[in-house]
Undergrad: 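Below is the structure I would like to discuss, written out as structure tokens.
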Amino acid sequence: MLSRPSRPRPRGRAADAAAATGPVRADRGYRPGDRAYRRIVVGLGLGGLANFALLYYVQPLLPSLAQRYSVPAGTSAQALSVSTMAMAVALLGIGPLSDAVGRVNVLRWSLAASGALGLVSAFVTSWSALLVLRGLMGVALAGLPAVALAYLREEIHPSAHPQANATYIAGTATGGALGRLLPGPLDAWGGWTFATCVVAGVTLAAALAVVLLVPASSGFTPTPPRVRAVLAAMGRTVRDPVVVALCVVGFAGMGAFVGVYNAIAFRLQAPPYAMGHAATLVYLAYPVGIAGPTVARLLAARWGRLPATVLLVGGMAAGTLLVGAGPLPAVMVGLGVLTFAFLGTHSQATGWVVDRARRTGLGTAQASSGYLLAYYTGSAAIGVTATHLWASHGWAAVTVLSLGLAVLAAAATALAARGERTGPRHQDAGDGAPVTDAVVPGP
């Protein structure tokens with residue numbers, strides 16, 4: 001039997017009045033069984049899927065882009081890097097913007113604008129025009145990951161946060177998987193324009209789903225943006241040695257992951273593989289990684305964050321070595337291990353950042369934004385670097401780069417743990433599993 005809604009849900013002016021009463025009390029919020037709860041998790045799950053499919057669908061198509069626009073292999077990676085870099089910068093401002101204009105408005109316009117830009121990008125014939133559109137798309141795409149988990153925290157009953165957050169994060173991870181699996185067959189059947197129109201169309205459909213399914217906020221009070229206060233909070237956050245070390249973990253981990261995935265698209269087109277569009281099949285290893293965050297949480301609960309995260313970083317190194325081994329089955333296994341270990345590492349780091357901010361009185365929004373800035377900067381910078389290294393020095397150079405970044409991530413993890421032991425200890429040391437409402441964007 002379905003449970004009764006835990007609170008009446010005002011609409012229209014009533015919703016505004018409810019929002020003006022202040023933050024929702026801890027004993028209120030939608031619960032599993034409520035019709036609105038189902039609508040929220042389905043709407044945001046679809047939004048997360050479409051958002052990250054549109055961001056990453058160009059990755060397996062980089063060789064096709066290089067040929068279509070007559071650009072070098074290393075240059076083609078800019079189609080992904082310009083989006084991730086723009087997204088990283090936009091994340092710093094969209095959170096405060098949503099405080100003023102409302103969470104749901106940002107969710108809707110983020111998906112609608114990015115889908116529309118995606119459709120336009122399908123038809124441009126200039127490489128520079130494509131990069132401009134992909135950059136604007138990155139700004140638009142930032143809206144959903146910047147706001148979705150904050151909306152869930154405000155509207156969902158605290159007892160249901162982990163379940164609702166997990167559904168949204170599963171949507172983003174599924175979007176990352178589909179963004180790598182579907183474009184190859186779509187490109188083979190109808191070319192770049194067709195593939196792009198399909199992915200952009202899915203994003204516009206997700207925008208419509210958010211409009212129809214996700215209710216207006218009632219546990220949220222709109223406030224004007226306070227730029228000075230936000231900048232001051234960010235300044236305090238970037239001076240915290242633990243947060244800085246964890247940002248390095250995000251930069252290095254994401255860089256190693258995207259670098260391998262960018263370059264593998266070219267490697268599988270070259271001898272001895274020469275797989276053509278069949279290269280998409282190796283991305284079937286990607287869904288294996290979706291279990292990484294769950295396993296990482298169990299490891300951290302049993303052993304603590306430092307051993308768990310270092311073990312997962314070691315798994316990234318092992319996966320990188322397997323990808324470089326040569327035989328195609330080893331490549332697929334290596335990609336699966338790399339993805340699993342990376343998603344686990346990332347979930348640990350982002351949870352640790354938010355937990356550290358809460359325990360030491362720093363702004364959780366600023367800590368998450370700083371981490372995501374480093375995370376997507378790693379994707380943009382290392383993604384381009386890896387494709388240039390592949391073009392000039394072969395796969396061995398990509399392997400060395402990825403292994404070096406894994407070593408950097410492990411060292412930064414150790415520094416973060418040391419900072420927890422020697423720095424201020426406002427509550428507990430945070431050695432257990434990460435908090436459940438950390439910002440975890442799809443890779």
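Quick note: numbers below take in every heavy atom, side chains included, and nothing from hydrogens, waters or symmetry partners.
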Undergrad: What are the two closest non-hydrogen atoms of L111 and A207, and how far apart are they?
TA: CB-CB, 3.6 Å
Undergrad: Report, one line per pair, each donor and acceptor closer than 3.5 Å where one atom sits in a side chain of residues 135-146; sequence neighbours left out.
TA:
none

Undergrad: So if I apply the ring-ring contact (aromatic ring centres under 6.0 Å, His included) rule between H346 and each of Y376, F340, W352, Y371, which one comes out positive?
TA: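 Result for ring-ring contact (aromatic ring centres under 6.0 Å, His included) with H346: Y371.
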Undergrad: Please determine whether a side-chain nitrogen of the Lys or Arg among E420 and R356 lies less than 4.0 Å from a carboxylate oxygen of the Asp or Glu.
TA: yes
Undergrad: Check whether any side-chain heavy atom of T172 sits under 4.5 Å from a side-chain heavy atom of N51, and report yes or no.
TA: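 T172 vs N51: side chains apart.
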Undergrad: Is the shortest heavy-atom distance from the side chain of V331 to the side chain of I264 under 4.5 Å?
TA: yes
Undergrad: Under 3.5 Å, is there a donor on one side chain and an acceptor on the other for R103 and S98?
TA: yes
Undergrad: What's the spacing between L92 CG and M87 CE if we round to 0.5 Å?
TA: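 Nearest 0.5 Å value for the CG-CE distance: 12.0 Å.
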Undergrad: Side-chain donor-acceptor pairs under 3.5 Å in residues 319-326, sequence neighbours left out?
TA:
unit_1	atom_1	unit_2	atom_2	d
T320	OG1	M316	O	2.9
T320	OG1	S402	OG	3.0

Undergrad: Is there a donor-acceptor contact under 3.5 Å linking the side chains of T196 and Y57?
TA: yes
Undergrad: Has T84 got a side-chain atom pairing as donor or acceptor with S81's backbone, closer than 3.5 angstrom?
TA: yes
Undergrad: How close do A412 and V248 get, counting heavy atoms only, and between which atoms?
TA: CB-CG1, 3.7 Å
Undergrad: Do the non-hydrogen side-chain atoms of L338 and Y286 ever get within less than 4.5 Å of each other?
TA: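 Counting from C-beta outward, L338 and Y286 never come under 4.5 Å.
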Undergrad: Quick one: CG on L246 to OG1 on T350, what's the gap to the nearest 0.5 Å?
TA: 9.5 Å
Undergrad: For G383 versus A77, what's the shortest heavy-atom pair and its separation?
TA: O-CB, 3.9 Å
Undergrad: Which residues pass the salt bridge (charged side-chain N to carboxylate O under 4.0 Å, His left out) test with R134, not counting sequence neighbours?
TA: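 R134 satisfies salt bridge (charged side-chain N to carboxylate O under 4.0 Å, His left out) with no residue once adjacent residues are dropped.
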Undergrad: Between Q348 and A296 (side chain of the first, backbone of the second, donor and acceptor by atom type, cut-off under 3.5 Å), is there such a pair?
TA: yes
Undergrad: Any side-chain heavy-atom pair from L65 and V71 closer than 4.5 angstrom?
TA: no
Undergrad: Does the S76 side chain pair with the main chain of A73, one donor and one acceptor, at a distance under 3.5 Å?
TA: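 Yes, the answer is positive, given that a donor and an acceptor are paired below the 3.5 Å cut-off.
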Undergrad: Parallel, tilted or perpendicular, judged at 30° and 60°: which one describes the rings of F342 and Y375?
TA: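 Judged by the thresholds at 30° and 60°, the geometry between F342 and Y375 is parallel.
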Undergrad: For the residue pair R180 and Y56, would you count it as a cation-pi contact if the rule is NZ or CZ under 6.0 angstrom from the ring centre and within 45 degrees of the ring axis?
TA: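 Yes, a cation-pi geometry holds between R180 and Y56.
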Undergrad: Working to the nearest 0.5 Å, report the span between OG of S128 and CD of Q78.
TA: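 Going from the OG atom of S128 to the CD atom of Q78 covers 11.0 Å.
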Undergrad: Any side-chain heavy atom of V337 within less than 4.5 Å of one from V333?
TA: yes
Undergrad: What do you reckon, are the aromatic ring centroids of W390 and Y261 less than 6.0 Å apart?
TA: no
Undergrad: Given side chains that start at C-beta, do those of L401 and I382 come closer than 4.5 Å, heavy atoms only?
TA: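 Yes; the side chains approach each other to less than 4.5 Å.
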Undergrad: Considering only heavy atoms from C-beta outward, does the side chain of L328 approach that of L268 to under 4.5 Å?
TA: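 Contact flag for L328/L268 side chains = yes.
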Undergrad: Going by atom types only, do D187 and S64 share a side-chain donor-acceptor pair under 3.5 Å?
TA: yes
Undergrad: Enter the distance from N262:CG to L62:CG here, rounded to the nearest 0.5 Å.
TA: 5.5 Å
Undergrad: Please examine the side chains of Y151 and L44, heavy atoms only from C-beta on, and report whether any two atoms are closer than 4.5 Å.
TA: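 Answer yes - side chains close enough.
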Undergrad: Look at atom CH2 of W127 and say whether more than 12 heavy atoms of other residues, nucleotides or ligands are closer to it than 6.0 Å.
TA: yes
Undergrad: So does D355 pair up with R359, basic N to acidic O under 4.0 Å?
TA: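 Looking at R359 together with D355, the answer is yes, because their closest N to O distance falls below 4.0 Å.
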